[in-house]
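For reference, the structure discussed in these notes is given below.
Quick note on labels: first sequence line is chain A, next is B, and so on, each numbered from 1.
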Protein chains: 2
Amino acid sequence: METKPQERHRKPRADAQRNRERVLEAAKAVFSVGGAEASLEAVARQAGVGIGTLYRHFPTREDLFEAVYRREVEQLAELAEELKTEPSPVEALRRWLRSTVQFVATKKGMMAALAIVMNANSELAAYSHGHLTRSIGALLARAVAAGEIRSDISADDVLRALIGMCYMHDQTGWQQSVLRLLDVFVDGMKTGKARE
Amino acid sequence: METKPQERHRKPRADAQRNRERVLEAAKAVFSVGGAEASLEAVARQAGVGIGTLYRHFPTREDLFEAVYRREVEQLAELAEELKTEPSPVEALRRWLRSTVQFVATKKGMMAALAIVMNANSELAAYSHGHLTRSIGALLARAVAAGEIRSDISADDVLRALIGMCYMHDQTGWQQSVLRLLDVFVDGMKTGKARE
DNA sequence: AGTTATACGGAGGACGCCTCCGCTTAGCAA
DNA sequence: TTGCTAAGCGGAGGCGTCCTCCGTATAACT
């Protein structure tokens, strides 16, 4: 009896998935510390897998960068989701924006890597742009619906402002500066002119 | 007779200076094509010097990036100087801005490298920012003095706009887009509302 | 011409990249 | 359960790059 030439696929093996996850976690840690050109063998070591396994899951360094980055963007989206339960919509927005700054800050080494990947893969740019815009949009909408902030600012506007602000991340003390600017920005969007 | 313990320094050797120049030239070429992680041995090869010589002049890869970048910024400054003889001040400004875009375009691979270096060395950022602002300032001043453009735009403003526009250099076709935007921008600065 | 500080080149050891393949194991069917 | 096999694993090994070190060469100076 011939077995059908495999139209049905087996369920992906559990260990494969686990290893993939481990590598991503390790990569995040290693790249954050060692920058974009950290050794992939170090990543494999830290993940406790063989170098071959790493290469099977992520054939190129860029693939790994990309996967790590996607994960992070998705996590930001999840954070936005969670923040929906935060009582004050404006506070939720502020918190999310601040998290983003944190996100950029811890990725010092990765930013350069991302510049490369983004260049080569505009689909990734679109993907993250979409995710981020949607997250901001949701947070904005809630705050607007509550009448807490003005309604003529789009999610795109906010994202652009955010990116622009973080673009200064080469100067020392940029982080505090951006956090201040964000506070001002959020305050500026409030409707009631009564500041807290 | 003891020779004084070398308070006076010899004139730097001619071959050393020549080699340094060669390496910089080669590095510019190699990095433009091969990106930030091109082989340093390839650079030495192309420059026609030993690898040891390269390392003596530029102990780290970043040192080399930095030197190449400084040269380029200085060349942009020189271009601004030359453009002072251009009959139409506005045209001079436009030409310079367009050159800058070219500059960014050919440095595709280098941009990521620069992001790293800029992060680690804010003196370099200040240096280039200063040079660029001064170049723009000179071009602006001449155009303003000739009454061709409005006078309430600072060199910093122009630089910020320029950088912001080039920041989109991950999308395909960004270059044409930026060139168009620059034209609009320059047109917008003209005083007489009569377009050419 | 002689002296010497300065610079040169490239061999070599260490290390990272990536491929390849023999071994292991999870999923599946009987 | 048991056996089968596709899917997955690890790491040895070949190759290229990094960077140091040092014997040789030579420009600047006397």
Take the protein atom CD of A/Glu62 and the nucleotide atom P of C/dC18, then report the distance between them rounded to whole Å. 9 Å
Choosing from D/dC19, C/dA7, D/dA28, which nucleotide comes nearest the side chain of B/Arg10? D/dA28
Holding to side chain to side chain contact (heavy atoms under 4.5 Å, CB included), I want the full list of residues that pass it with B/Thr85, two or more places apart in sequence or in another chain. none
Identify whether the distance between the nearest side-chain nitrogen and carboxylate oxygen of A/Arg142 and A/Glu91 falls below 4.0 Å. no
Side chain of B/Arg13 - closest among D/dG8, C/dG27, D/dA25: D/dA25
Nearest-Å distance for atom pair CD1/P, residues A/Ile51 and C/dG16: 10 Å
Applying salt bridge (charged side-chain N to carboxylate O under 4.0 Å, His left out) to B/Arg95 and not counting sequence neighbours gives B/Glu86
Quick check: does any side chain N or O of B/Arg61 sit under 3.5 Å from a backbone N or O of B/Ala36, one acting as donor and the other as acceptor? yes
In terms of side-chain heavy atoms of A/Leu40, which of C/dG9, D/dC18, C/dC18 is nearest? C/dC18
Between the side chain of B/Thr191 and the main-chain N/O of B/Glu148, is any donor-acceptor distance below 3.5 Å? yes
Below 3.5 Å, can you tabulate the donor-acceptor pairs from side chains in residues 18-27 of chain A to any protein atom, sequence neighbours excluded?
{"unit_1": "A/Asn19", "atom_1": "ND2", "unit_2": "A/Asp15", "atom_2": "O", "d": "3.4"}
{"unit_1": "A/Glu21", "atom_1": "OE2", "unit_2": "A/Arg71", "atom_2": "NH1", "d": "2.3"}
{"unit_1": "A/Glu25", "atom_1": "OE1", "unit_2": "A/Arg71", "atom_2": "NH2", "d": "2.6"}

Rounded to whole angstrom units, what separation is found between the CZ atom of B/Arg18 and the P atom of D/dA28? 9 Å
Rounded to whole angstrom units, what separation is found between the CZ atom of A/Arg45 and the P atom of C/dC15? 10 Å
Selection: residues 52-59 of chain B, any non-hydrogen atom under 4.0 Å of DNA chain D: B/Tyr55
Among the nucleotides C/dG10, C/dG16, D/dC18, whichever has the atom closest to the side chain of B/Ser39 is D/dC18
A/Arg70 and A/Glu66 ion-paired at < 4.0 Å: yes
Atom NZ of A/Lys11 and atom C1' of C/dT25: how far apart are they, to the nearest Å? 15 Å
What's the closest nucleotide to the B/Glu41 side chain, out of D/dT17, C/dG16, D/dC9? D/dT17
For the helix from C/dA1-D/dT30 to C/dA30-D/dT1, how many degrees between its two end axes (five pairs per end), to the nearest 10°? 20°
Reckon A/Asn19 has a side-chain N or O less than 4.0 Å from the OP1 or OP2 of D/dG8? no
Between side-chain atoms of residues 43-53 of chain A and protein atoms elsewhere (two or more places apart, or another chain), which donor-acceptor pairs fall under 3.5 Å?
none

Calculate the interatomic distance between B/Asp15 atom CG and C/dG9 atom C1'; express it in whole Å. 12 Å
Value in whole Å for how far the C1' atom of D/dC9 lies from CZ of A/Arg22: 12 Å
Can you tell whether the side chains of A/Arg180 and A/Asp183 come within less than 4.0 Å, N to carboxylate O? no
Return the value, rounded to whole Å, for the distance between atom CZ of B/Arg20 and atom P of C/dG9. 16 Å
